[in-house]
Novice: 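One structure coming up, written as structure tokens, with questions to follow.
As a basis for the values below, the full set of heavy atoms in this structure was taken, side chains included, without hydrogen atoms, waters or symmetry mates. By convention in this document, chain letters (A, B, ...) are assigned in the order of the sequence lines, proteins followed by strands, and residues within each chain are numbered from 1.
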2 protein chains.
Amino acid sequence: MATIKEVAERTGLSSTTVSRVINNHPYVDESKRQLVLTAMEELGYVPNSSARRLRGQRTQTIAVIISRIVNPFFSHLVDAMERTASELGYQIILCDSRLNKKRELAHLELLKAKQVDGVILASLQNKWEDIKPYTRYGPIISCNEYDSMAKLPMIICDQEAGGYIGTKHLIDRGHTHIAYAGGADRIELTHDRKKGFVRAMEEANLPILPEFMFPSNYGIEDGKRIFQRIFAMENRPTAIFAGGDEVAAGIIQEAKRFDYSVPRQLAVIGFDNQPIADLIDPGITTIDQPIELMGSRAVELMVDSIKQDRTLSYNKELLPLQLIIRQST
Amino acid sequence: MATIKEVAERTGLSSTTVSRVINNHPYVDESKRQLVLTAMEELGYVPNSSARRLRGQRTQTIAVIISRIVNPFFSHLVDAMERTASELGYQIILCDSRLNKKRELAHLELLKAKQVDGVILASLQNKWEDIKPYTRYGPIISCNEYDSMAKLPMIICDQEAGGYIGTKHLIDRGHTHIAYAGGADRIELTHDRKKGFVRAMEEANLPILPEFMFPSNYGIEDGKRIFQRIFAMENRPTAIFAGGDEVAAGIIQEAKRFDYSVPRQLAVIGFDNQPIADLIDPGITTIDQPIELMGSRAVELMVDSIKQDRTLSYNKELLPLQLIIRQST
DNA sequence: CTGAAAGCGCTTACAG
DNA sequence: CTGAAAGCGCTTACAG
């Protein structure tokens, strides 16, 4: 690869001048600028990225930590982030923790190694005390998942409200025996959704039966298992709020296998509004999360704080969730 | 952030020695090694990535160009690649072309800028002549999509065989009126699949009717449209080979809406074995692509050629496809 | 408007 | 076993 020196030699100018042309500095004689431009073209010159980064102490790169790229929620989030980032002249480096604490911390080390200018935590495996030390080394913001202990800017959805409106919808449909299947127990988001469920139930004076509460569900298989347990009950719930669309899909699929009618015998509501919610039959009523907005806001805030170079103050941006009604309720 | 110099000062040693410890060089006095190790620990020292890259002329990073991360096929492929890469001590940088030629070329520029050691092209927007100039700047290999003109190493699936076994399966089931819905017309893979379809049909002396051929289909919506067109026909096909599972899903969904029975009235076979194929009802018979294998082989080959630093010779690695039978046929 | 020189933070011959 | 020095390829005061 050609270097700036070769371009300088070819044009008979100094590398300083070449650098000025590269960086669109003013005060370069127009004819010389042209000379440099054509020389760069002829040599196929592109500035060495490592050299620029080292010299400039900036990488124009943001790390996004997620837990699983094959989860459509995250691939859409990353997609949205990448779109905004590239508009703002930044690159995204995708860090998949694979739900592993060590991997998550290893990705945070990128900040120390100055390989990225900032980190967006879209999933959270570690406790706040383990994340905290890294905040010295650059901006970290949390997006989607969160830990309310964390003194980080957060771009998140109002999960409690999501839990509430979903449950309210079931109640409005006349259900009184409502079950609840929560998601990953480890994360706060899961608990906030449940709080919303509880609030709606209490408001309507409905009982929350322990046998109707199914914690820690992640995918299709969990949904199938839940249906089997419900099916085996004496007094079955007539509706269930599932922690995610995949779990809801599993419940519905298994219900079909047992010729159990959704929504007539069991109404099912999901969460996330993933593509699958519209694909299976019946379509899944669900809570839509504004993924695009969340992703672009997170990146905007990140780029902002990189540029300002100020320490980020703790603030929480709550985005609204929306009920999407389909045929499963 | 602490630098190597600070570690050196703190220990009273030279940065040369510190560097030797960092890089696990032999010939460092054990007590001094310990001294350095604790100093690094205390300072939270991590070597500056840009400096190492500049100095070493290596980035330990591979660019993977795909067309759309929200396509589950690609997110699984990237997932597999990342797994292998991290085992081999490499990072993946995700480059989403968004089906855009310019963006694809911009990503190839990373090679010139020495921001990556090599590029894996998992999708292909540009013609070979536009890609070719970049091969001077580092290893490029193609994976999944391909252009047979290209003098690149390729890790690809045997699409022609895939088209053949899928069609053969329908013929074995007794179908004689078989329709075919192809994928993106621009790519060679699509044409090879169709060749397989044609070969199976000719072998069985079955006619290929022009009105049964639907080119350029990408998603659910295309599938729905195809079903409507079939439904409107006088003489309908009794089976259709769809270019992808999403198209197949669209056909099935729309068929349901019209109370048209799959597979009794219309057998449907997809391609890719995406999660959706097992989710909708009836499950979609499909052709499984060995995504994991393709991803890991591509990365292995890439790391190999980075290390060897030899120019890559043109060779083609054909991976086998497999028929997965579900309820849609 | 232009260039010589310093320096970003490393690693690696080279000399000892 | 250890260190001084050069250099990777840039950019940016500084001086002119």
Side-chain angles (χ1 to χ4, degrees), chain A residues 1-37 39-40 43-61 109-117 137-138 309, chain B residues 1-37 39-40 43-61 109-117 137-138 309:
Chain A
M1 256 319 284
T3 67
I4 199 173
K5 212 170 137 198
E6 294 174 52
V7 178
E9 276 162 11
R10 195 181 181 95
T11 54
L13 294 163
S14 71
S15 20
T16 308
T17 302
V18 176
S19 173
R20 287 201 181 96
V21 173
I22 295 168
N23 295 287
N24 284 309
H25 277 258
Y27 308 130
V28 179
D29 184 272
E30 189 49 32
S31 68
K32 289 180 181 158
R33 177 188 302 281
Q34 290 307 327
L35 213 60
V36 171
L37 255 22
M40 295 201 312
L43 291 167
Y45 170 77
V46 174
N48 180 297
S49 140
S50 307
R52 293 188 111 174
R53 290 176 177 207
L54 176 57
R55 176 57 226 238
Q57 302 287 61
R58 278 289 160 79
T59 64
Q60 300 290 108
T61 304
E109 294 278 323
L110 294 176
L111 215 45
K112 284 197 191 173
K114 299 233 181 221
Q115 207 186 311
V116 300
D117 295 337
Y137 302 106
D309 207 11
Chain B
M1 255 318 283
T3 67
I4 199 173
K5 213 171 139 197
E6 295 175 51
V7 178
E9 276 162 12
R10 195 182 182 95
T11 54
L13 294 163
S14 71
S15 21
T16 307
T17 302
V18 176
S19 172
R20 287 201 181 96
V21 173
I22 295 168
N23 296 286
N24 284 310
H25 275 259
Y27 309 131
V28 179
D29 184 272
E30 188 50 32
S31 68
K32 290 182 181 157
R33 178 190 302 282
Q34 289 308 327
L35 214 59
V36 170
L37 253 24
M40 295 201 312
L43 291 166
Y45 170 77
V46 173
N48 180 297
S49 141
S50 306
R52 293 187 111 175
R53 290 177 178 206
L54 175 58
R55 176 58 228 234
Q57 303 286 58
R58 277 290 161 78
T59 63
Q60 300 289 110
T61 305
E109 293 279 321
L110 294 176
L111 216 45
K112 284 197 190 173
K114 298 230 182 227
Q115 207 186 311
V116 299
D117 295 338
Y137 303 106
D309 205 13

Novice: With the criterion being N/O to N/O and under 3.5 Å, what pairs connect the protein with nucleotides 5-8 of chain D, and how long is each?
Specialist:
residue	atom	partner	partner atom	Å
D/dG7	N2	B/Arg55	NH1	3.2
D/dC8	O3'	B/Gln57	NE2	3.3

Novice: Find the distance A/Glu9:CD to C/dG3:C1' and express it as a whole number of Å.
Specialist: 15 Å

Novice: Strictly below 4.0 Å, heavy-atom distances to any atom of DNA chain C: list the hits from residues 25-33 of chain B, or just say none.
Specialist: B/His25

Novice: Dot-bracket for DNA chain C, please, read 5' to 3', with Watson-Crick or G-U wobble pairs under 3.5 Å on both distances, ( ) within the strand, [ ] crossing, | other strand, . unpaired.
Specialist: |||.||||||||.|||

Novice: Taking only residues two or more places apart in sequence or in another chain, which ones pass side chain to side chain contact (heavy atoms under 4.5 Å, CB included) with B/Thr61?
Specialist: B/Arg53, B/Thr59, B/Gln91, B/Ile93, B/Val116

Novice: Using atom NZ of B/Lys112 as one end and atom C1' of D/dC10 as the other, report the distance to the nearest whole Å.
Specialist: 18 Å

Novice: Could you tell me the separation between the NZ atom of A/Lys114 and the P atom of D/dC10, rounded to a whole number of Å?
Specialist: 21 Å

Novice: Taking CZ from B/Arg20 and C1' from C/dT11, how many angstroms apart are they, rounded to a whole number?
Specialist: 10 Å

Novice: Provide, to the nearest angstrom, the distance between the CG atom belonging to B/Leu35 and the P atom belonging to D/dC1.
Specialist: 16 Å

Novice: Run the side-chain hydrogen bond (donor to acceptor under 3.5 Å, both in side chains) test against A/Arg55 and tell me which residues pass, sequence neighbours left out.
Specialist: none

Novice: Take atom P in D/dC1 and the same atom in D/dA5, then report the distance between them in whole Å.
Specialist: 24 Å

Novice: Could you give the CZ-to-P distance, from B/Arg58 to D/dG9, as a whole number of Å?
Specialist: 14 Å

Novice: To the nearest Å, give me how far apart CZ (A/Arg52) and P (C/dG9) are.
Specialist: 18 Å

Novice: Got a sec, which residues hit salt bridge (charged side-chain N to carboxylate O under 4.0 Å, His left out) with A/Arg52, two or more places apart in sequence or on another chain?
Specialist: none

Novice: Taking atom CG of A/Leu35 and atom OG1 of A/Thr17, what is their separation to the nearest 0.5 Å?
Specialist: 11.0 Å

Novice: Among all residues two or more places apart in sequence or in another chain, which pass the side chain to side chain contact (heavy atoms under 4.5 Å, CB included) test with B/Glu9?
Specialist: B/Lys5

Novice: Residues in side-chain hydrogen bond (donor to acceptor under 3.5 Å, both in side chains) with A/Glu6, at least two apart?
Specialist: none

Novice: List the residues meeting side chain to side chain contact (heavy atoms under 4.5 Å, CB included) with B/Gln57, not counting sequence neighbours, and say none if there are none.
Specialist: A/Asn48

Novice: Suppose you measure atom P in C/dC10 against the same atom in C/dC14; what distance do you get, rounded to whole Å?
Specialist: 24 Å

Novice: Applying salt bridge (charged side-chain N to carboxylate O under 4.0 Å, His left out) as the test, list every pair that has at least one member in residues 18-33 of chain B; sequence neighbours left out.
Specialist: B/Glu30-B/Arg33

Novice: So, does A/Thr17 get its side chain near the phosphate of C/dG3, meaning an N or O under 4.0 Å from OP1 or OP2?
Specialist: yes

Novice: Of all residues at least two apart in sequence or in a different chain, which pass the side-chain hydrogen bond (donor to acceptor under 3.5 Å, both in side chains) check with A/Ser19?
Specialist: A/Asn23

Novice: Output the rounded distance in Å from CG (A/Asn23) to C1' (D/dT12).
Specialist: 10 Å

Novice: Please round to the nearest 0.5 Å and tell me the distance separating atom NZ of A/Lys114 and atom OH of A/Tyr137.
Specialist: 10.5 Å

Novice: Could I get the full list of side-chain hydrogen bond (donor to acceptor under 3.5 Å, both in side chains) partners for B/Glu109, not counting sequence neighbours?
Specialist: B/Tyr134

